[in-house]
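For reference, the structure is listed below as structure tokens.
Here the structure is a predicted model, which means the values were calculated and not measured. Every chain is numbered from 1, with letters handed out A, B, ... down the list of sequences.
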There are 2 protein chains.
Amino acid sequence: MGRKRLQEPADGRPTVHTVAARAGVSIASASRVLNGVGGSPETIRKVRAAAAEVGYVPNAIARSLQSQRTGLVALAVEDIGNPVYVEMMRAIEAVVASSGRQLVVHATGGRIDNEMTLLRRLANRYVDGMIISPIRVTDDHLGALVGSPVPVVVVGQLGADAPVDNVRTDSRHGVALAVDHLLAIGRRRIGFVNGPLDTVPGAARDAGFRAALARHGIELDEDLVEVGDFQYAAGRAAAVRLLARAAPDALVCANDLIAVGALHALLATGRRVPQDVALIGMDDTELAQMMFPQLSSVSLGSAERGRRAAELLLQRIADPALPPRREQVQPSLAVRASSAATPPSPRPSADPFEPTPAHPYREGVTS
Amino acid sequence: MGRKRLQEPADGRPTVHTVAARAGVSIASASRVLNGVGGSPETIRKVRAAAAEVGYVPNAIARSLQSQRTGLVALAVEDIGNPVYVEMMRAIEAVVASSGRQLVVHATGGRIDNEMTLLRRLANRYVDGMIISPIRVTDDHLGALVGSPVPVVVVGQLGADAPVDNVRTDSRHGVALAVDHLLAIGRRRIGFVNGPLDTVPGAARDAGFRAALARHGIELDEDLVEVGDFQYAAGRAAAVRLLARAAPDALVCANDLIAVGALHALLATGRRVPQDVALIGMDDTELAQMMFPQLSSVSLGSAERGRRAAELLLQRIADPALPPRREQVQPSLAVRASSAATPPSPRPSADPFEPTPAHPYREGVTS
DNA sequence: AGACTCCCCGGAAACGTTTACAGCGATCGG
DNA sequence: CCGATCGCTGTAAACGTTTCCGGGGAGTCT
């Protein structure tokens, strides 16, 4: 018994023991040199040479076990295909990468059980922290968030007093920006295509739409409101239903994907955008600018929210004792061709050279 | 000297030692029960109870160190925003998740140095395997791939004899499908908007386009070929350049993003699609169907390629001694409105009920 | 009854790294 | 010339888990 330890694992892969043996020093010295801390010139030379000869690469897992951190950060969103999350992911990835960490992404499908599973799995510490953007929130959920063993930052609305790092936006105000703008360009029958009302953003946007109309003293025709899902196909179907029973002169959509679906529905039924129906999306993703006509869209600062969430998370990882913080990003409206100030003209508006200065500009935050 | 080991880490988080002590058994027994292997009914009861009481959750890192696997699989693509990679990612995620693993995504930006860094980092075994879709390939690169210490599967074209698991498609043939179809519906001046020629897909598609025309005995007018980047903005700019100097009656695009850009350019300059110019994209992503008119697109089976790549990878992880395999996915053409067999009609058809009304205004596309 | 099998258990090693600690020689200051 | 300091080194512990191995008890077969 008692033989110290295999110097060469059966695997053949070099470990710090291999390097140390080859350099004729102890593993402690080898490790120190490899980490650039301490060591005499001679030792440094020998260890470096030995490491290079055997092609030594430190094992990330063993290092993690020792250092109690994995260098990974998780991001959980509903759908990694939604461009709004893509933009958020890009922003987060940039911050996270600059701290030398890597990103693990999870698609939750918006299902609470999936999110709960993820939160529970956090306990086994496979990541150093997590950014999650839940679209539905329950009490269990909230409990799991505040009781999480590793830092969690929430992107999105949350119960007001939840002691969790949180970066949110004011999507009610965002909807108001859209409504105000449409009224300002003379639209009166404004429709609304929303996502599910049992989601946090869906509920907030519905409330925002109603409040905005009420503020202007306009009575809402329920026929002008339709609900689908936060996806293209569902948005298009919802728009088709709405158009079948009502004749809006403008549509606000809770999402750019829905807006693209609505655009398709409008064009496919021979309506002109914006002459017959003005259209405004939400999230201001790349998609909005790819459409023809380019879509006006309410920016909810997804990239900015992602960036800030990542920074909050990194700070909390560095100092878990920090008090919970909350940050807010203001929405703004990007006006583009789909809601250009073209007066609703009679159908055969002959002039093909009608001037419509459709260059996008941003309207201020002030309502 | 002497004292065994802290039962309760200063941290306060329960370990298997905590559970074992509380249950009055050894850590070996505790571990066995927790893994569901062995243990008498009484032991099982005690350990389960103790684990529940202290809220024990096994530490994933320690487990990884012992088992020599992390349960993570990496995916490296050029741009996580490109819908083709989103679809691929979804397919991969499904397979990977069904094996109980998780996905780590990396955006390489198509830069070889980034990819090399990733490949080198593989050596520290932070993941069990990697799927990579390089758009540029060098010899160094190839060396790093074949010499990788952990399983790697490549999605995309590769040097013919590289001993690396690889799933590819025949994009030359894909381009041919598009060209054949356009010729069949009577188009003669077929343009091509490609991505960079120094990329593998760019080169293959260029060759495919030229070969397809040659096969039909058509001489290529170089004015009808334009190169940009595999992105929306670059595609749009490239299409604008092309349209400024030539008058195609059809456009093939190397990518759906490019095709969307081209569509925008066409519509913004008052051209009708497909009446004036038929349009075909490539990759057949969701985006193609979101457009109005819906875009024909050559499917290169991105989801299928992702699925197969994931399966190859899992099999190789299970048995690293497997010989390298290569799989091929056949392209197919999805014909939609943008290349419907509408004969090129004379311009002025002022029919107000024409199904695709031209938009009477121009957008900020510099001509 | 004795030998054999089977099952369960606990001690201890192992995964590969970092790091606290102590020893030791050399340098330096007094 | 001696003691303190400093820089370097090696031993060993620690991170938290799984698993090999040997011991022992209960049961079974001959």
Side-chain angles (χ1 to χ4, degrees), chain A residues 1-21 23-47 51 54 56-71 123-126 128 149, chain B residues 1-21 23-47 51 54 56-71 123-126 128 149:
Chain A
M1 54 153 281
R3 182 189 43 166
K4 288 298 299 177
R5 169 190 280 260
L6 259 48
Q7 304 291 5
E8 286 286 349
D11 192 333
R13 204 174 311 282
T15 73
V16 71
H17 292 93
T18 322
V19 174
V25 301
S26 72
I27 60 163
S29 292
S31 173
R32 278 187 289 255
V33 169
L34 294 169
N35 286 6
V37 35
S40 72
E42 175 62 2
T43 305
I44 292 178
R45 192 192 56 73
K46 286 189 298 185
V47 171
V54 300
Y56 170 76
V57 179
N59 180 308
I61 304 171
R63 193 192 295 247
S64 288
L65 180 58
Q66 168 69 26
S67 66
Q68 299 285 56
R69 47 181 49 214
T70 64
N124 69 18
R125 329 220 83 200
Y126 75 103
D128 294 338
Chain B
M1 49 140 276
R3 183 189 43 167
K4 286 297 300 174
R5 166 191 284 258
L6 260 48
Q7 304 292 3
E8 285 289 348
D11 193 332
R13 206 175 311 281
T15 73
V16 71
H17 292 93
T18 322
V19 174
V25 301
S26 72
I27 60 163
S29 292
S31 173
R32 277 188 289 256
V33 169
L34 294 168
N35 286 6
V37 36
S40 70
E42 174 62 4
T43 305
I44 292 179
R45 192 192 57 72
K46 286 189 298 188
V47 171
V54 300
Y56 171 75
V57 178
N59 181 308
I61 303 170
R63 192 193 295 247
S64 289
L65 180 58
Q66 168 69 25
S67 67
Q68 299 285 56
R69 48 180 50 216
T70 63
N124 68 19
R125 325 223 86 197
Y126 76 103
D128 294 338

Starting at [atom1] of [X] and ending at [atom2] of [N], how long is that distance when rounded to a whole Å?
X	N	atom1	atom2	value
B:Asn35	C:dC8	CG	P	15 Å
A:Leu34	C:dG16	CG	P	15 Å
B:Ile61	D:dT18	CD1	P	14 Å
A:Tyr126	D:dG16	OH	P	19 Å
A:His17	C:dT17	NE2	C1'	9 Å
B:Tyr56	D:dT18	OH	C1'	10 Å
B:Arg32	C:dG10	CZ	C1'	8 Å

Quick one: is [X] getting a side-chain N or O under 4.0 Å of the [N] phosphate, OP1 or OP2?
X	N	result
A:Ser31	C:dT17	no
A:Asn59	C:dC15	no
B:Arg63	D:dG16	no
B:Ser67	D:dT18	no
A:Gln68	D:dA14	no

Mind listing the closest non-hydrogen atom pair of A:Val19 and A:Val54 along with its distance?
CG2-CG2, 3.9 Å
From [options], pick the nucleotide closest to the side chain of [X]?
X	options	result
B:Ser26	D:dT17, C:dG10, D:dT18	C:dG10
A:Gln66	C:dT18, D:dT11, D:dC20	C:dT18
B:Ile27	D:dC21, C:dT18, D:dT18	D:dT18
A:Ala28	D:dA12, C:dG10, D:dG16	D:dA12
A:Ala62	D:dC15, C:dG16, D:dT18	C:dG16
B:Leu65	D:dG10, C:dT17, D:dG16	D:dG16

Dot-bracket notation for DNA chain D, counting Watson-Crick and G-U pairs under 3.5 Å, with | for partners on another strand
||||||||||||||||||||||||||||||
Using a distance-only criterion (donor-acceptor N/O pair, under 3.5 Å, no hydrogens), is the base of C:dG16 paired with the side chain of B:Arg125?
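There is none.
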When only distance counts, do a donor and an acceptor, one from the side chain of A:Arg13 and one from the base of C:dG16, lie under 3.5 Å apart?
no
Can you check whether A:Val16 reaches A:Tyr56 side chain to side chain, under 4.5 Å on heavy atoms?
yes
Touch class at under 4.0 angstrom, heavy-atom based, for A:Ser40 against every strand present:
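Result for A:Ser40 = sugar-phosphate.
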All N/O contacts under 3.5 Å from nucleotides 5-7 of chain C to the protein, with atom names and distances to one decimal?
none

